[in-house]
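Below: the structure, in structure tokens.
Quick note on labels: first sequence line is chain A, next is B, and so on, each numbered from 1.
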Protein chains: 2
Amino acid sequence: MQTDSLSAILSALADPTRRAILARLVEGEATVNELAEPFEISLPAISRHLKVLEAAGLISRSRTAQWRPCRIEAAPLKDLSIWIERYRRLWDESFDKMDAYLRDLQKGDPDARKN
Amino acid sequence: MQTDSLSAILSALADPTRRAILARLVEGEATVNELAEPFEISLPAISRHLKVLEAAGLISRSRTAQWRPCRIEAAPLKDLSIWIERYRRLWDESFDKMDAYLRDLQKGDPDARKN
DNA sequence: TCTGTAGTTAACAATTACGTTAATTAGCGA
DNA sequence: TCGCTAATTAACGTAATTGTTAACTACAGA
């Protein structure tokens with residue numbers, strides 16, 4: 001499959017090298033060579049990882065002279081965060097209580113505020 | 001690579017069929033055949049998707065008679081949620097303010113509480 | 001124009017992922 | 001024991017992923 005954007009985001013993030021690149025980009029923009037420096041793999045391999053990240057929208061690239069500085073993009077991470085929110089009640093007890101509270105409020109339960 | 005648990009979680013979630021299975025399991029336990037029903041792919045294919053989800057810790061399976069009811073497990077989703085939190089400041093302005101606030105508090109800035 | 005640096009693309013190999021159909025295991029019940 | 005249902009495993013094909021090295025494009029500056 002792999003057509004929807006969430007799949008692209010998740011499989012881009014599934015690779016540890018790509019996650020490390022993203023983590024580096026939180027510090028600020030970086031060129032391809034700078035990003036490649038901590039890794040033992042070849043530059044073309046890094047270039048492909050960047051292409052995957054770019055295709056998923058996780059990074060964007062500008063160009064100044066012969067450099068292609070990369071910057072991290074928030075939107076896909078936000079999308080993923082929103083997706084995972086639907087499961088939060090599974091582990092977050094206080095979310096569960098909040099959820100019940102809001103449901104009670106909507107039902108017009110006069111006691112809702114007491115919980 | 002694909003040895004660390006976050007990679008296993010992310011690549012398990014990267015498949016739309018597997019995400020749909022998880023979404024179904026939020027409603028409650030289900031057998032393999034029940035889970036397979038909405039999809040057009042074969043039962044062995046579903047069985048393998050379940051194996052991937054189980055390997056990532058996203059589901060667990062019990063057995064009663066010849067059925068293997070699956071249930072969703074929260075822990076890996078929570079791990080992923082925690083991982084993504086580190087990027088929240090990229091899109092969440094209020095998180096950013098909160099972050100600055102906490103940093104100021106820690107520095108002992110007497111004006112911190114005013115923000 | 002020539003040279004060096006930055007980065008990508010091409011061509012190839014190995015591995016993994018995902019689907020299929022056919023065969024197999026496991027348990028229930030007549 | 002036999003047959004039915006539930007589910008997995010085996011064997012296979014194909015496509016995608018990830019890495020390599022070699023060749024190429026693009027720009028800066030002497």
### Message
Please confirm whether the shortest side-chain N or O distance from R63(A) to OP1 or OP2 of dA6(C) is below 4.0 Å.
### Response
no
### Task
Specify the residue among E40(A) and N33(B) whose closest nucleotide of DNA chain D lies further upstream toward the 5′ end.
N33(B)
#### Entry: Closest to side chain of Q66(A), choosing from dA26(D), dT20(C), dG27(C)
dA26(D)
### Query
Would you say a side-chain N or O of S47(A) is under 4.0 Å from OP1 or OP2 of dT8(C)?
yes
### Query
In terms of side-chain heavy atoms, does R71(B) have a donor or acceptor partner in S62(B) at a distance below 3.5 Å?
no
#### Entry: N33(B)-T31(B) side chain donor-acceptor pair, cut-off 3.5 Å
no
### Task
Rounded to the nearest angstrom, tell me the gap between atom CD in E37(B) and atom P in dA6(D).
13 Å
### Nearest-angstrom distance from the residue atom CD1 of I21(B) to C1' of dA7(D)
14 Å
### Message
What's the closest nucleotide to the side chain of V32(B) if the choices are dC18(C), dG7(C), dA7(D)?
### Response
dA7(D)
#### Entry: Nucleotide dA17(C), atom P - distance to CG of L13(B) in whole Å
14 Å
### Query
Where each residue is assigned the nucleotide of DNA chain C containing its nearest heavy atom, which of R48(A) and R68(A) is assigned the position nearer the 5′ end?
R68(A)
### Message
Need to verify one output field. Residue with the more 5' nearest nucleotide on DNA chain C, W67(A) or P44(A)?
### Response
W67(A)
### Message
Any side-chain N or O of K51(B) below 4.0 angstrom from OP1/OP2 of dT9(D)?
### Response
yes
### Task
Drop me the distance from D92(B)'s CG to K78(A)'s NZ, to the nearest 0.5 angstrom.
7.5 Å
### Query
Would the W91(A) and Y87(A) ring centres measure less than 6.0 Å apart?
no
### Query
Do the side-chain N or O atoms of S42(B) get closer than 4.0 angstrom to the phosphate oxygens (OP1, OP2) of dT20(C)?
yes
### Query
Within this structure, what is the CG-to-P distance between L10(A) and dA17(C), rounded to whole angstrom?
15 Å
### Message
Using whole Å, what does the distance between atom P of nucleotide dA6(D) and atom CD1 of I46(B) come to?
### Response
15 Å
### Contact under 4.0 Å: H49(B) side-chain N or O vs dA17(C) OP1/OP2
no
### Task
Under the side chain to side chain contact (heavy atoms under 4.5 Å, CB included) rule, what do D15(B) and H49(B) come out as? Steps first, then yes or no, please.
CA-CA 9 Å; D15(B) 186 283; H49(B) 280 307; 3.7 Å; yes
### Query
Separation of L50(B) atom CG from dG19(C) atom P, in whole Å?
12 Å
### Query
Given atom CG of L43(A) and atom C1' of dA23(D), what is their separation to the nearest angstrom?
14 Å
### Query
Is the distance from OP1 or OP2 of dT8(D) to the nearest side-chain N or O of R61(B) less than 4.0 Å?
yes
## Note on the structure
I41(B) atom CD1 is separated from dT20(C) atom P, nearest whole Å, by 6 Å
